[in-house]
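Take a look at the structure set out below.
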Protein chains: 2
Amino acid sequence: MSTHRIALSSAALALAGFVVAGDVAAQSAADTVAARQSQFKLLAFNIGPLVGMAQGNMPYDAAMAQAAADNLVAVASLNQARLWPEGTDSMAMDGTRALPAIWDDLEDFTTKFEALRTGVAEMQTAAGQDLDALRGALGGVGGACTACHDAYRQPQ
Amino acid sequence: MSTHRIALSSAALALAGFVVAGDVAAQSAADTVAARQSQFKLLAFNIGPLVGMAQGNMPYDAAMAQAAADNLVAVASLNQARLWPEGTDSMAMDGTRALPAIWDDLEDFTTKFEALRTGVAEMQTAAGQDLDALRGALGGVGGACTACHDAYRQPQ
């Protein structure tokens, strides 16, 4: 019975394309970099409307602001354990701006990532209240981004 | 005071690169497609170790399995409201396999997305227990992937 369920699962996963893409043993450094960049893309995409509202480039929309803030919290909550293996820095491979300095001080890197989590949690509380509250929380998010990028992201 | 805080936020965001990338008015259809593809990349990346363990290609690791399942729940929880605007289907633009059929029946599409949320919630309960529990929950996740891909994703 248990074997039967596995067989079904494998078939379903094959259909879903996960037998090719899904086996962690087959996940390359490029896959790992793509996954970690995906989370930053999702952060940027959801910071977008919050910045747009704060700067007056679009009308304040409480529901959209709250949804964006909730998304930021969800993305920032992702467990980072598999996303930063050694050998995936900007000196070791193409396609990443992650500086080797990250691995020289993982404790500080982790602290800066935690600051992002704090910033987006404050945004989650503020974003749906009103525009002033949203604006007040934006500095914390932006500051967390900046602090980590300044230290650990290769300039373009 | 409020204005001062806004100015600080804008400066911080400029440093973080979000003034370029962050304004939703400046977010193109390509940005939107990249963001929605990012979430699927993160889903695949986290399904990876669960499939690897289920198929015996890597040892069962309760902590890694739980982290992967938690990540799946976080990614699947993302609010989808801004990710599927009309005009971002595979007939309307390059770089996406999202079939126009999505927009012909958004209610069914939403139902299939909810099935993913149900599947990963069951995986979250199961993954850290033991390998049999993980295997038992994999069919639900894979089935949700397959159902939606079969209906709404252009074959490669």
Side-chain angles (χ1 to χ4, degrees), chain A residues 2 5-6 8-13 15-19 21-27 31-32 34-35 37-39 41-42 44-55 57-58 64 67-68 70-71 74-75 77-79 81-83 132 135-136 138-139 141-143 145-146 149-150 156, chain B residues 2 5-6 8-13 15-19 21-27 31-32 34-35 37-39 41-42 44-55 57-58 64 67-68 70-71 74-75 77-79 81-83 132 135-136 138-139 141-143 145-146 149-150 156:
Chain A
S2 180
R5 292 179 75 181
I6 298 165
L8 280 176
S9 301
S10 295
L13 290 161
L15 285 168
F18 284 129
V19 169
D23 189 332
V24 76
Q27 280 172 349
D31 293 331
T32 300
Q37 290 176 343
S38 289
Q39 68 183 355
K41 267 187 205 152
L42 285 166
F45 185 76
N46 286 288
I47 289 168
L50 301 173
V51 172
M53 292 177 204
Q55 296 188 332
N57 295 332
M58 56 186 291
M64 186 190 286
D70 292 345
N71 283 354
V75 175
S77 80
L78 292 174
N79 186 303
R82 292 173 47 238
L83 288 172
D132 273 354
R135 284 173 170 157
L138 204 51
V141 178
C145 297
T146 303
H149 288 167
D150 284 354
Q156 252 169 337
Chain B
S2 179
R5 292 179 73 179
I6 299 165
L8 280 176
S9 302
S10 295
L13 290 161
L15 285 167
F18 284 129
V19 170
D23 189 332
V24 75
Q27 281 171 348
D31 293 332
T32 300
Q37 289 175 343
S38 289
Q39 68 184 356
K41 269 187 203 152
L42 285 166
F45 185 76
N46 285 289
I47 289 166
L50 300 172
V51 172
M53 293 176 202
Q55 296 186 333
N57 295 333
M58 57 186 292
M64 186 190 286
D70 292 345
N71 283 353
V75 175
S77 80
L78 292 175
N79 186 303
R82 292 173 47 237
L83 288 171
D132 272 353
R135 284 174 170 156
L138 205 50
V141 178
C145 297
T146 303
H149 289 166
D150 284 356
Q156 252 168 339

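Hydrogens, waters and symmetry mates play no part in the numbers below; they use all other heavy atoms, side chains included.
- The backbone N or O of Phe45(B) lies less than 3.5 Å from a partner atom in the side chain of Arg82(A), making a donor-acceptor pair.
- With a 4.5 angstrom heavy-atom cutoff, Ala35(A) touches chain B via backbone and side-chain atoms both.
- When each of Thr32(A), Val75(A), Asp70(A) is scored by its heavy-atom pairs under 4.5 Å with chain B, the top score falls to Thr32(A).
- With sequence neighbours excluded, the residues forming a side chain to side chain contact (heavy atoms under 4.5 Å, CB included) with Ala74(A) are Ser77(B), Leu78(B), listed by chain and number.
- Residues satisfying the side chain to side chain contact (heavy atoms under 4.5 Å, CB included) criterion with Ala67(A), sequence neighbours excluded, are Asn79(B).
- Both the backbone and the side chain of Gln39(B) come within less than 4.5 Å of a heavy atom in chain A.
- The contact between Asn71(B) and chain A is made by backbone and side chain atoms together, counting heavy-atom distances below 4.5 Å.
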